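Letters go in sequence order (proteins before strands), and every chain restarts at 1. Note: hydrogens, waters and symmetry copies are ignored here, and every other heavy atom, side chains too, is used. Remember, it's a predicted structure, so these values are computed and weren't measured experimentally.
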Amino acid sequence: MSRYLITAALPYANGPVHIGHLAGCYLPADIYVRYLRMKGEDVKFICGSDEHGVPITIKARQLGITPQDVVDKYHAIMRDAFFQFGISFDHYSRTSAPIHHQTASEFFKTLYDKGVFVEEITQQFYDEEAKQFLADRYITGTCPRCGYENAYGDQCENCGASLNPTDLINPKSKLSGKTPVLKPTKNWFLPMDKIQQSKEFQEYIKRFDNWKPNIKGQCASWLNEGLQPRAMTRDLDWGVKVPLPDAEGKVLYVWFDAPIGYISATKEFLTADWEKYWKNQPDKKDNPTLIHFIGKDNIVFHAIIFPMMLMTHGGYVLPENVPANEFLNLEGDKISTSRNWAVWLHEYLQDFPGREDELRYVLTSIAPETKDSEFTWKDFQARVNNELCAIVGNYVNRVVVLTNKYFAGDLNTSSAVESHPYQKEMDELFQRYTKAMNNYQFREAQSCAVEVARIGNKYLTEKEPWKKYDASNAESVAETRTVLINCFSIIAQMGLLFKPFVPRTAEKIFNLLNIAADKQIWTNKVNLAKVDDFMDLHKIKINTSSVILYQKIEDEQIEKQIQKLLEKKTMNQQPSAPSEEAVKAQMAETTFDDFSKMDIRVATILEAERVPKTDKLLKLLLDTGIDKRTVVSGIAAYYEPEKIIGQKVVMLANLAPRKIKGIESKGMILMAENEKGELSFITPQKEIITNGSTVK
RNA sequence: GGCGAGGUAGCUCAGGUGGUUAGAGCGCAGGAUUCAUAACCCUGAGGUCGGGGGUUCAAUUCCCCCCUUCGCUACCA
């Protein structure tokens with residue numbers, strides 16, 4: 001028996017869980033864990049809410065409540081939805097738990113004492129009015145890449161660029177709306193560049209060879225570019241306090257503390273025994289196997305940074321595999337929490353009560369294992385109706401109905417039971433299934449389970465007891481009994497294959513056949529003797545007139561869901577629907593004096609060309625009325641160079657010159673921008689306005 | 001622009017260290033059947049495996065170029 005510690009990414013506690021999270025991470029993790037348990041392995045499945053970090057503090061501020069209120073709310077929603085859906089965590093914790101603060105704090109202190117960190121004083125934005133340093137997410141400004149005005153200091157949500165706060169144009173503090181100033185502050189960096197060179201790390205990355213191509217490729221890409229030191233502390237007051245005397249007002253970087261959440265949750269759950277699931281054991285063969293299930297957005301943290309932390313700490317095992325999935329799209333569009341384009345788990349559970357297995361089944365059949373995939377409601381309906389109802393559910397019901405019809409539900413017999421002619425195919429399916437499961441190919445494995453039902457249907461159709469059964473002929477009765485016994489044996493084996501995927505269905509099947517929990521043990525090879533041990537083939541008795549495992553999904557239900565989504569889409573597209581994200585709040589007050597320092601004037605574009613090797617930049621020659629000058633502008637996504645010659649524009653003329661891609665840019669074109677970050681020139685309306693006319 | 005992963009039947013996806021007729025499910029067409037949730041079972045039609053070049057006796061599979069989708073990354077005063 002091997003020991004496993006399986007984790008699923010800690011969901012961030014600032015919003016509920018949607019089907020993309022499930023298909024990408026929680027469902028595959030749960031399936032794998034249930035498979036390991038079925039094999040009789042010693043496995044612990046750990047997860048919890050990730051409750052630190054800046055977005056939560058922003059959300060709290062917006063709602064006028066404390067960060068703790070925010071995380072309390074979403075922690076409860078997520079935990080309840082997960083458990084109702086059947087994600088079988090052994091323990092679901094949270095990073096605001098005291099034991100987590102203690103564990104993360106100690107972990108940091110150990111690395112500090114070992115001299116792992118590099119202390120560095122850097123210039124960070126500081127809000128003089130709020131008297132605090134600003135984390136990346138607390139700074140907004142114009143995205144230098146796409147021109148989106150509400151980009152965050154770490155990332156632009158419009159174009160997805162990852163940024164440094166100092167990259168932002170016109171940075172503003174989210175606290176006061178004022179322009180922040182740069183001020184020195186001390187932080188502790190993980191020298192990932194050095195650790196990358198270490199023998200131990202080089203040894204560790206060899207195991208990437210066995211990982212899925214998408215992850216291996218992404219990691220190789222990071223490693224080839226060379227890793228950079230990364231700050232493991234932040235100037236913020238929400239999180240785990242940095243356990244050092246000179247670290248007032250600093251907390252651990254959320255990505256430092258979050259993965260430690262896996263450890264603290266294990267501690268909380270197992271108390272004294274936790275180390276058996278995390279640490280190297282005296283005898284190497286007793287070492288636990290650590291596997292992280294995540295979505296592809298987390299690869300670098302789980303495959304590289306966290307292992308580096310574990311490695312430099314010492315004593316811990318490193319992840320054996322990080323099976324990350326790609327993204328799930330929804331009805332042709334990317335799932336987006338901020339645009340509310342999602343199917344939320346807690347809403348599904350309400351709209352489809354008792355239909356958890358149906359969603360589990362469909363999400364597994366379309367899981368983005370090797371590439372992005374797509375969920376549509378029509379497809380959901382088709383898969384439930386054509387596969388679960390028609391093939392699986394219908395098969396079980398026909399066997400039950402026939403048994404009642406010819407044997408009043410009792411197949412009890414003392415004569416020997418012959419195997420059916422498809423046992424070889426079944427055996428092959430079990431082997432295919434095992435191989436797929438071991439390689440994290442869950443869609444393939446699940447299809448093996450459906451395949452079993454197809455075999456059953458085929459067998460039944462070939463034997464056609466409804467034609468051959470003759471109550472007055474003992475031989476015919478015996479043969480029919482054998483056929484039905486075999487049909488039940490196929491059902492039982494199907495239950496085993498289905499158990500990790502649709503646990504409630506499996507439960508119903510095992511209840512129907514009175515198969516005790518201690519018999520539901522996986523075997524990767526089947527034959528009659530094994531099946532007979534698994535379930536007593538001589539004593540099959542059922543006491544139900546029919547078994548409907550799955551109900552059809554009606555057109556109206558699907559229409560309703562599609563309608564729900566269309567409404568969301570309409571709301572998203574209405575430019576007049578102002579939401580907090582869409583329309584920028586008014587900035588802090590300024591003075592006429594400040595405004596009049598701007599030399600804003602009209603100019604005409606004389607020449608325009610793309611800046612080579614860039615996506616966004618145009619090099620423009622402008623006639624400003626006073627001179628002809630070069631300006632580089634990030635508008636290539638919205639204007640083609642040939643088409644803007646002669647275009648009148650408004651520009652800021654006295655902006656300090658700056659070199660961009662080696663070109664000296666003297667000024668800045670002013671652009672109007674909508675909430676999507678789309679840009680437009682601002683053009684004077686009358687011909688009397690000529691080059692050099694001022695704007696005031 | 002650089003890097004990574006994809007582009008295979010109408011749809012959702014498998015597969016391939018180069019080698020006889022390229023696979024599955026759904027959908028579609030035809031047949032058979034009635035135990036069953038109009039379900040099951042059988043048969044069939046459908047693809048120059050993103051495009052173009054090259055290497056080879058032979059390429060969908062190897063090499064080069066291009067187009068395209070997704071992600072990471074650079075440039076936007």
Considering only side-chain heavy atoms of A:Leu617, which listed nucleotide, B:C75, B:U12, B:C35, is closest?
-> B:C75
Side chain of A:Arg398 - closest among B:G6, B:C75, B:C35 = B:C35
Closest to side chain of A:Asn457, choosing from B:C41, B:G2, B:C35 = B:C41
Kindly say if A:Lys378 contacts the phosphate of B:U12, meaning a side-chain N or O under 4.0 Å from OP1 or OP2.
-> no
Polar contact flag, side-chain donor to acceptor under 3.5 angstrom, A:Glu326-A:Asn214 = yes
Listing for RNA chain B: consecutive Watson-Crick or G-U pair runs of at least 3, distance cutoff 3.5 Å, ranges ordered by first number, gives B:1-7 with B:67-73, B:10-13 with B:23-26, B:28-31 with B:41-44, B:50-54 with B:62-66
Taking the same atom, C1', in B:A58 and in B:G25, what whole-Å distance lies between them?
-> 32 Å
Using the C1' atom in both, what is the distance from B:U12 to B:C28, to the nearest Å?
-> 16 Å
Aromatic rings A:His420 and A:Tyr422: how do their planes relate, parallel, tilted or perpendicular, breaks at 30° and 60°?
-> tilted
Check every atom of B:A36, B:C40, B:C3 against the side chain of A:Thr461 and return the nucleotide holding the closest atom.
-> B:C40
Looking only at side-chain atoms of A:Trp466, point me to the closest of B:U12, B:U33, B:A36.
-> B:U33
For B:C57 and B:C40, measure between their C1' atoms and round to the nearest Å.
-> 49 Å
Taking the C1' atom of each, how far is B:G30 from B:G46, in whole Å?
-> 15 Å
Do we see a donor-acceptor contact under 3.5 Å between the side chains of A:Asp357 and A:Thr505?
-> yes
CD of A:Gln551: more than 12 outside heavy atoms within 6.0 angstrom?
-> no
Is A:Lys296 positioned over the aromatic face of A:Phe327, cation under 6.0 angstrom from the ring centre and no more than 45 degrees off axis?
-> yes
Rounded P spacing from B:G52 to B:A59 in Å | 14 Å
In whole angstrom, give me the gap between the C1' atoms of B:A9 and B:G50.
-> 15 Å
Taking the side chain of A:Asn386 as its heavy atoms from C-beta onward, which of B:C41, B:G71, B:G27 lies nearest to it?
-> B:G27
Using atom OH of A:Tyr406 as one end and atom C1' of B:U34 as the other, report the distance to the nearest whole Å.
-> 10 Å
Separation of B:A36 atom C1' from A:Glu464 atom CD, nearest Å, is 15 Å
Close side-chain approach of A:Phe595 to A:Ile600, heavy-atom, < 4.5 Å = yes
Taking atom P in both B:C13 and B:U17, what distance in whole Å separates the two?
-> 23 Å
Does a donor on one side chain sit under 3.5 Å from an acceptor on the other, for A:Asp627 and A:Thr624?
-> yes
The glycosidic conformation of B:G46, counting syn as within 90° of 0 and anti otherwise, is syn
Looking at A:Lys371, does any N or O in its side chain come under 4.0 Å of the phosphate oxygens OP1/OP2 on B:G7?
-> yes
